[in-house]
Amino acid sequence: MPMEKTFDAASAEPRIYAEWEQAGAFTAGANAKPGASPFSIMLPPPNVTGFLHAGHAFNHTLMDILVRWHRMRGRDVLWQPGLDHAGIATQLVVERELARTNQPSRRELGREKFLEKVMEWKARSGGTIIEQDKRLGASMDWSREAFTMDPAFHEAVIRVFVDMYEKGLIYRGKRLVNWDPHFETAISDLEVENKEVDGHMWHFKYRLADGETYEYVETDEDGTEIMRETRDYISIATTRPETMLGDGAVAVHPSDSRYAPIVGKMVHLPLCDRVIPIVTDQYPDPDFGSGAVKITGAHDFNDYQVAARNKLPMYRLMDMSATMRDDGAPYAEAVERAREIAAGAEADAAEIDSLNLVPEKYRGLDRFEARKLVVEDITNAGLAVEVPSSDPRLGQPAQRKVEPEEGADVAPDDRLVPLVEPKKIMQPFGDRSKVVIEPMLTDQWFVDAEKVVGPALDAVRSGETKIIPESGEKVYFHWLENIEPWCISRQLWWGHRIPVWYGFDLGTPMSGGTGDLDEVDLLKLLLDGGMVHSGDVQKVGAELPEVTGGFQDEIADLPSPLSHARIVEVEDRNAALHALAESLAHYATDQDPSKLVYPVWRDPDVLDTWFSSGLWPIGTLGWPGPEWEEMRRYHPTSVLVTGQDILFFWVARMMMMQYAVVGEKPFDTVYLHGLVRDEKGVKMSKVLGNVIDPLELIDEYGADSLRFANAAMAALGGTLKLSRDTIKGYRNFGTKLWNAFRFAEMNGTFEGRSPQAAPPAATATVNRWIIGETAKVREEVDAALDGYRFNEAASALYGFVWGRVCDWYLELSKPLFGADDAAVIEETRATLAWVLDQCLILLHPIMPFVTEELWGTTAKRAKMLIHADWPTYTAADLVDPQADSEMGWVIELIESVRSVRGETNVPAGADVPLLLVELDAPGRAALGQNDALIRRLARIDTITEVAEAPKGSATIPVRGGSFALPLADLIDVGAERTRLQKSVQKLEKELGGLRGRLSNPNFAQSAPEEVVAETRANLERREADAAKLRAALARLDEIG
RNA sequence: GGGUGAUUAGCUCAGUGGUAGAGCGCUUCGUUCACAUCGAAGAUGUCAGAGGUUCAAAUCCUCUAUCACCCA
């Protein structure tokens, strides 16, 4: 049955993919040669709830190309697939789903029920991306599919946490973190997007305490006094007025002479019954605003540093949803205590955190509502800095324009108004929630990144791990050299729960260590708030039994029998309070020590998703189980292919963690690529509606086309612009390949042939030539893929298949098939069959479907194409220089004739005579050998030798001689003259350059010999061409 | 403000010191003989600008301009 005219991708692709899967073609080690070295790639795990987008399609295509290539070369290949649980993203999706379907919210459900819902969701949508990857043709080892919440992976994550904690690489602390008020969790600084928004800068007066005043003097650059006044206040500027309620001080730069007289004095905090000091610090910029900065340690990262350096108290003003606090004692009480602390009373961090210094009026307000009210109240109190309404800092309010006749006697521009500057400010937003991030002082877990960064840096510095393109290394160094502690706790429910338990530090309220539990002790614990205000102790271990020993040691010193209390796990700290109180109360009445319990509770938080995915390389390979020994042949992995946007999120962290945990690099090479954009280079986004769905493209053009387009745009460091036109172009390329096979089939190429890996021993020049061309392209493709230059591999193959095989070899083979020499026909069939097989093999990594289909339909094969042997022949083996040169000459002649015909308007269908004017021996040989095909392809009827080109003929210079087309009747003389003049002009320009270089003595002296020789030869050839063309022009003039 | 990169044909982009390229688009011509998802031919360039290094610069260096991304 003859072949269809085109490849039906839609029906063939699923069938072929199923065949590969059934054959186990993707399994780790499939098609490996004995003793083969491993080649392994970890799939960057997509979100479990995710869908395949254009970026995945690109990223996965590149990996699949590498994997298929190495598999065909006989390496021991593993492509490890899997999914990431993606804590915050998945929780977001499920919460939205609950809201959309009017189900109870997360908090209403409770942790356990909510997690069931997440698992339901995962079961429903978790497989989507896998099915989509199959459409793309990804040859991952699905039998090894992993998930970051698998029990084995979970065990690895927990074990690493415990291990790193014990090594002192992980600690807990109350720190200022980026707090997402929507999700009510900490997020890392990488999950924050800073955006410039329109904001305002307010200026307030903080009055000096006790009615003090000072001389405020401003000078210009030369030190000349430009302003002097007596002030009873210091002027501060802020973009976040609501945080002033928590100010701990006003800071000025130590060199700022304006404020030198009042450093150390106290100021009244507006709207509050507190005074705060004026301190000095390096942070305030004397040239910015008034040079004085309010310091709110608990709500600003810079202020936090200042507060820490100056030991200022940091009062938290907001609750976890970023509304003004409404908890704790009344304001009057809280402020009383704050004054005591300011006066030197001792207070620990927990107590300071419990103090709510928000005045009743603002309690419970949204932070932005509170801002409005604070500004209003301060202004009403006369504490806003005022300026004339003409002040340029106010921007351009519309009301400034005053009609002259009305405003003549008033001076409206001198009216004083509060100074509120419109100002662009950088505001942090959560990258998932899109709400304004609030710096928040909370207890969190951190990786002491500074301690683990060393080996990760060294590996890249020494070249142990290579990052390409190289620019990625610079970025990597820059970030790692300035690394900050990594906050790894998240206040989420979906994720790996932190393996830490807490209990009360009863040693603090209880004095004795040896006595029995008496009533005094009991009362202290129960009545005095002893438990409530006691600190906590923490124990770290994978499971509760691993930490009970630690807690037992902890209470061993307590009065008996509390020292032997049973350790029980409860839900949280509150539950623990109740449990302990109840147990003590019982003991007080019945004195039964067996009912005494020491309650402990587990940390409710989960680990940052990137902490777990940071273990992806070893966690998926069986670490820390017994299979690790077996699977570690794939570790370190060969290459990581990923987007440069997660260089910090993931790549750097994998480097750090693999070294910290197993002391090995996770990969030899990191290949970074950019974001896939639309055809205009714009980021794809749902909002813009420019998202290109790869599955739609596959439906329309076939997976191979999309894959080829992906490979073609993968220039190192290049921008990735995906357009339908490009994909369409590669679909056409597939059709071209398909039709080359149709041509071969029609010429009996595949009939009864058994495929050969080795090229046939050809005698015909055309056949020898194309065999050599094939060897050249094989080398090009390997070199390109070896250097991760996917675009070069793609373009080499495109050029070879279309430009060499289809445009020339197939055309040149037609006269051979038409000859009546059976041996020539058979040889040409064998050559064509071999060349087309090579096309399939070399194209397979990029376009696996159409190539596998053609492979299967054109011959009985020992193996599927996916496992065919990748060739190793070289140009040195197969290029026949004589054939190469001869075919070069023939092609050049045909192109010249066609060009002349085209430009002188010779009718396309007309066969014309060709005159040989002069020709050297190799040229004559080439002409003799290829007479038939030259005549056919250039549409020549006869070739005859003449002594001299006749008048009015077009000249065709070739290597070693020249031809003429005697076209007196057919030729458009004017067109031919124009053509010749243009050619001469172009040649002259080139000649000028060449002569200039050669006449420069320094060139001959300094340039390499071969360059000089080449230039000289080039000049000679061009000069000969120019002479021929001039002669032709002269002849034309004779008739013209 | 700091960092990284980009600027080459109408468009999208390759091109790491030695004769400026590809695809798409455009113009003209062409359907028996694999393919109109095709073929033949053609036009199109201040390689962002200025300086420097070099026998030789799109390519290396410096500055400028514009744009993009990352980080503050």
Side-chain angles (χ1 to χ4, degrees), chain A residues 2-3 5-7 189-190 192-194 301-302 426 428 469 471-475 477-479 482 644-645 647-648 674-675 677 679-683 701 705 709 712-713 715-726 728-747 749 789 791-792 794-795 798-799 802-803 806-807 810-811 813-814 817-818 894-895 897-909 937-939 979 982 986-987 989-991 993-994 996-1008 1010-1012 1014-1015 1018-1019 1021-1022:
Chain A
M3 287 171 68
K5 275 180 97 169
T6 56
F7 173 57
D189 46 6
L190 292 175
V192 175
E193 287 172 359
N194 289 294
F301 284 96
N302 289 313
M426 288 306 278
S471 59
E473 297 193 350
K474 288 186 198 164
V475 181
F477 290 139
H478 187 257
W479 191 70
N482 299 290
Q644 61 204 181
D645 51 328
L647 178 61
F648 309 139
L675 212 67
R677 295 153 186 284
E679 57 207 306
K680 295 191 202 82
V682 180
K683 215 164 157 173
Y701 302 107
S705 315
M713 68 183 180
L716 281 176
T719 326
L720 308 174
K721 293 184 192 173
L722 190 62
S723 83
R724 300 185 92 88
D725 276 351
T726 326
K728 197 166 128 194
Y730 294 118
R731 190 265 323 264
N732 296 355
F733 174 69
T735 306
K736 189 76 180 172
L737 176 73
W738 183 265
N739 278 288
F741 276 79
R742 272 186 86 206
F743 169 79
E745 190 201 35
M746 289 174 181
N747 283 287
T749 302
R789 298 187 303 269
N791 59 317
E792 286 183 20
S795 94
Y798 188 98
W802 200 314
C806 292
D807 285 351
L810 295 191
E811 294 303 327
S813 74
K814 285 173 184 174
F817 282 126
I894 294 170
E895 282 182 336
V897 173
R898 283 174 174 173
S899 176
V900 171
R901 293 176 58 118
E903 288 186 59
T904 56
N905 304 322
V906 174
L937 296 184
R939 306 214 73 146
R979 183 185 78 87
K982 215 176 334 177
K986 212 167 147 190
L987 270 175
K989 199 178 145 198
E990 261 178 61
L991 282 169
L994 291 167
R997 274 199 302 177
L998 283 165
S999 62
N1000 184 342
N1002 288 327
F1003 176 64
Q1005 230 165 47
S1006 324
E1010 64 268 22
V1011 173
V1012 178
E1014 200 186 309
T1015 309
N1018 210 349
L1019 177 66
R1021 241 180 63 205
R1022 299 280 150 176

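Scanning RNA chain B for stems, defined as runs of 3 or more consecutive Watson-Crick or G-U wobble pairs whose donor-acceptor distances all fall under 3.5 Å, gives the following ranges: B:1-7 with B:65-71, B:10-13 with B:21-24, B:26-30 with B:38-42, B:48-52 with B:60-64.
OP1 or OP2 of B:A34 has at least one side-chain nitrogen or oxygen of A:K814 nearer than 4.0 Å.
When distances run from any side-chain atom of A:K474 to the nucleotides B:C55, B:G5, B:A34, the shortest one goes to B:G5. In this structure, the nucleotide among B:C35, B:U37, B:U4 sitting nearest to the side chain of A:N739 is B:C35.
Note: NZ (A:K728) to C1' (B:U12) measures 15 Å, nearest angstrom. Nucleotide B:G5 holds its C1' atom 14 Å from the CG atom of A:L647, rounded to whole Å. For the pair A:L937 CG and B:A34 C1', the computed distance is 15 Å after rounding to whole Å. Between the P atom of B:A68 and the CD atom of A:Q644 lies a distance of 16 Å, rounded to the nearest Å. For the pair A:R997 CZ and B:U54 C1', the computed distance is 13 Å after rounding to whole Å. Rounding to whole angstrom units, CD of residue A:Q1005 and P of B:G18 are separated by 21 Å.
B:G10 sits 23 Å from B:U16 when the P atoms are compared, rounded to a whole Å. Across B:G49 and B:C11, the matching P atoms stand 16 Å from one another, rounded to whole Å. Comparing B:A56 with B:G51, their P atoms sit 16 Å apart, to the nearest whole Å. To the nearest whole angstrom, the two C1' atoms, one in B:G3 and one in B:A9, are 33 Å apart.
By the 4.5 Å heavy-atom criterion applied to side chains, A:R898 and A:L937 are counted as neighbours. With contacts defined as side-chain heavy-atom distances shorter than 4.5 Å, the pair A:D807/A:W802 qualifies. Proximity of A:T749 to A:F743: side-chain heavy atoms (C-beta onward) are nowhere separated by under 4.5 Å.
Contacts of A:R901 with the nucleic acid, taken as non-hydrogen atoms under 4.0 Å apart, are absent. Backbone-only contact: A:K5 has heavy atoms under 4.0 Å from sugar-phosphate atoms and none from a base. Across all strands, A:E811 comes closer than 4.0 Å to base atoms (heavy-atom distances). Counting any heavy atom pair closer than 4.0 Å across all strands shown, A:P1001 reaches no nucleic acid atom.
Place A:N1000 and A:R1021 on RNA chain B by their nearest nucleotides, and A:R1021 ends up nearer the 5' end. Nearest-nucleotide positions on RNA chain B place A:N791 closer to the 5' end than the other of A:N791 and A:R939.
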Would you mind writing out the side-chain donor-acceptor pairs for residues 997-1005 of chain A within the sub-3.5 Å range, not counting sequence neighbours?
unit_1, atom_1, unit_2, atom_2, d
A:S999, OG, A:R995, O, 3.0
A:S999, OG, A:G996, O, 3.0
A:N1000, OD1, A:N1002, N, 2.9

Base versus backbone protein contacts along nucleotides 38-43 of chain B [heavy-atom cut-off under 4.0 Å; B, S, -]: SSSSSS

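Between A:Y798 and A:Y730, the ring centre distance stays below 6.0 Å.
What you find for A:R901 and A:R939 is that their closest heavy atoms are NH1-O, 2.9 Å.
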